[in-house]
Amino acid sequence: ALSAVLSGVKEIREAIERARVNRDHLNRRTILFVDEVHRFNKSQQDAFLPHVESGLVTFIGATTENPSFELNNALLSRASVYVLNPLDDAALALMFDRAVSASPPLAMPKDPSIGPTGKSEVVIDAAATARMINMADGDGRRLINLVEQLAIAAESSNAKTIDTKFVETVLARAARRFDKGGDNFYDQISALHKSVRGSDPDASLYWFCRMLDGGADPRYLARRMIRMATEDIGLADPRALDIALGSADVYERLGSPEGELALAEAVIYLAIAAKSNAVYNAYNAARAFIAQDESRPVPVHIRNAPTKLMKNLGMGKDYRYAHDEEEGYAAGESYFPDGMKQPGWYQPTDRGLEAKIREKLAHLRELDGKSKS
């Protein structure tokens with residue numbers, strides 16, 4: 001067994017040498033268990049590869065991080081990944097019973113006497129049990145720690161029974177699972193973003209409050225909401241961006257907890273707003289086109305011509321000033337580089353304000369068609 005927190009290349013070499021001795025002299029196989037394997041850097045992880053491939057060791061690594069990001073691809077490709085999920089309430093209840101039976105003077109209702117300790121039982125009622133399991137939040141080790149804290153508090157206070165009030169008073173509020181920068185963090189912000197995109201205000205509010213409860217920086221949530229407003233709502237409701245920006249500004253002025261209400265208001269508005277990713281798609285399409293296209297020159301007729309020489313070279317010649325045209329639109333005019341066709345990147349939806357934008361663009365295309373006939 002190795003801990004990546006405490007071990008380095010020296011310890012890895014020693015473990016491999018022991019494995020060779022086991023194989024060559026004792027005819028025994030070796031399981032090499034590495035705890036917190038993500039703490040090893042890429043070169044340290046590389047040190048395992050030849051021995052895993054040769055079968056010298058059966059490698060088992062444990063990590064709380066996403067192995068896709070934290071483990072060497074070569075090592076990961078030679079391993080099977082097993083995901084360990086949080087314990088469910090039934091498993092936690094069983095663990096709770098066992099922990100209580102091992103923690104005098106605590107006892108469950110109707111339990112037999114603790115034994116020859118001379119101490120009376122302190123009975124935990126059903127509501128308090130449920131609250132303890134809830135506070136553990138799927139973590140068995142945390143549950144056992146909570147039971148131990150409760151036993152010490154019960155003994156020192158000479159309590160006869162333990163209810164939810166006693167639990168809330170004695171135990172520090174257990175933070176929920178929320179590894180900032182880890183999988184839980186990104187899973188929850190993904191859930192928030194998808195709830196807003198899916199137009200579910202209650203689910204959006206739930207994930208927003210879950211992240212606040214877990215210790216997320218409200219400023220980070222404000223920045224993500226600005227992103228949601230531009231990516232998933234866009235011109236279907238331009239007010240969404242104003243509200244997201246405004247809520248971020250309110251939070252900066254008020255701080256927590258008062259400013260969080262403005263963020264909650266923005267979350268709900270974003271969820272119920274008309275949705276469109278037309279701007280998002282158009283932007284990505286334009287960026288992709290530019291990345292692979294040549295550097296086309298600006299057409300002469302729309303170049304700036306502030307000097308006489310530039311005008312003599314024909315720059316700005318035949319430019320049509322849109323404000324002087326009928327309907328303020330120079331029908332049939334092209335603003336793209338010569339030879340480039342209208343790409344049609346922006347395709348407005350028929351939702352919210354974009355429905356009117358769609359009608360206007362259709363009308364302008366009609367005017368373009370008439371100008372060429």
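Please read all numbers here as calculations on a predicted model, not as lab measurements.
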Side chains of V300 and K317: does their closest heavy-atom pair fall under 4.5 Å? no

K10/E14 salt bridge by N-O under 4.0 Å criterion: yes

Tell me whether Y283 at atom OH has more than 12 heavy atoms from other residues, nucleotides or ligands lying less than 6.0 Å away. no

Main chain of A153, side chain of S156: is a donor-acceptor contact present, judged purely on distance under 3.5 Å? yes

Close side-chain approach of W207 to V196, heavy-atom, < 4.5 Å: no

Would one find more than 12 heavy atoms of other residues, nucleotides or ligands at under 6.0 Å from atom CZ of R78? yes

Can you name the ring pair (Phe, Tyr, Trp, His ring centres under 6.0 Å) partners of Y220, sequence neighbours left out? F185

Under the criterion side-chain hydrogen bond (donor to acceptor under 3.5 Å, both in side chains), I'd like the reasoning laid out for S190 against K194: C-alpha separation, chi angles, the key distance, then a yes or no. CA-CA 6 Å; S190 176; K194 289 178 173 64; 2.7 Å; yes

Is there side-chain contact between L192 and L221, with heavy atoms separated by less than 4.5 Å? yes

With the side chain counted from C-beta on, respond yes when T230 and Y280 share a heavy-atom pair under 4.5 Å apart, and no when they do not. no

Donor-acceptor pair, distance only, cut-off 3.5 Å: does the side chain of H301 make one with the backbone of S334? yes

After noting the C-alpha distance and the side-chain angles of N145 and R142, does the key distance pass the side-chain hydrogen bond (donor to acceptor under 3.5 Å, both in side chains) rule? CA-CA 5 Å; N145 289 339; R142 178 184 296 168; over 6 Å; no

Is R365 salt-bridged to D368, going by a charged N under 4.0 Å from an acidic O? yes

Measure the shortest side-chain to side-chain distance between I144 and E148 over non-hydrogen atoms and say whether it is less than 4.5 angstrom. yes

Roughly how far, to the nearest 0.5 Å, is the CZ atom of F96 from the CG atom of L94? 12.0 Å

Could you check whether D200 and Y206, counting side-chain N and O atoms only, form a donor-acceptor pair closer than 3.5 Å? no

Can you tell whether the side chains of D163 and K165 come within less than 4.0 Å, N to carboxylate O? no

Is there a continuous path of hydrophobic side-chain contacts, each under 4.5 Å between heavy atoms, that joins F33 to V52? no

Linking I/L/V/M/F/W/Y whenever any side-chain heavy atoms sit under 4.5 Å apart, do F40 and V81 land together? yes

Between the CD1 atom in I133 and the CG atom in L146, the distance rounded to the nearest 0.5 Å is 11.0 Å

When rounded to the nearest 0.5 Å, the distance separating CD1 of I152 from OG of S157 is 11.5 Å

From I60, N72, L71, residue fulfilling side-chain contact (heavy atoms from CB on, under 4.5 Å) relative to V37: L71

Between D249 and R253, is the closest basic N to carboxylate O distance under 4.0 Å? yes

Nearest 0.5 angstrom please: F59 CZ to E53 CD, how far? 13.0 Å

Spell out, yes or no, whether L2 and L49 are grouped together once hydrophobic residues are joined by side-chain heavy atoms under 4.5 Å, including indirect joins. yes

Measuring from T349:OG1 to R358:CZ, what's the distance to the nearest 0.5 Å? 7.5 Å

Is there side-chain contact between V34 and T63, with heavy atoms separated by less than 4.5 Å? no

Counting only heavy atoms not in E294 (residues, nucleotides, ligands), do more than 12 fall under 6.0 Å from its CD? yes

Please say whether more than 12 non-hydrogen atoms of neighbouring residues, nucleotides or ligands are located less than 6.0 Å from CZ in R296. yes

Within one Ile-Leu-Val-Met-Phe-Trp-Tyr cluster: I226 and M211, side-chain cutoff 4.5 Å: no

Ionic contact status for K370 with E366, cut-off 4.0 Å: yes

Donor-acceptor contact present, side-chain K275 to main-chain A273, <3.5 Å: yes

N41 and Q44: CA distance, side-chain angles, deciding distance, side-chain contact (heavy atoms from CB on, under 4.5 Å) verdict: CA-CA 5 Å; N41 60 38; Q44 289 171 316; 3.2 Å; yes

So do the side chains of E252 and R219 get within less than 4.5 Å of each other, counting heavy atoms only? yes

Tell me if a side-chain donor or acceptor on Q45 pairs with a main-chain N or O of E70 at a distance below 3.5 Å. yes

Just how far is it from atom CG of L26 to atom CG of D24, taken to the nearest 0.5 Å? 9.5 Å

Treating Ile, Leu, Val, Met, Phe, Trp and Tyr as nodes and any side-chain heavy-atom pair under 4.5 angstrom as an edge, say whether I243 and M228 lie in one connected cluster. no

E17/R20 ion pair, N-O < 4.0 Å: yes

Side chains of P218 and L212: does their closest heavy-atom pair fall under 4.5 Å? yes

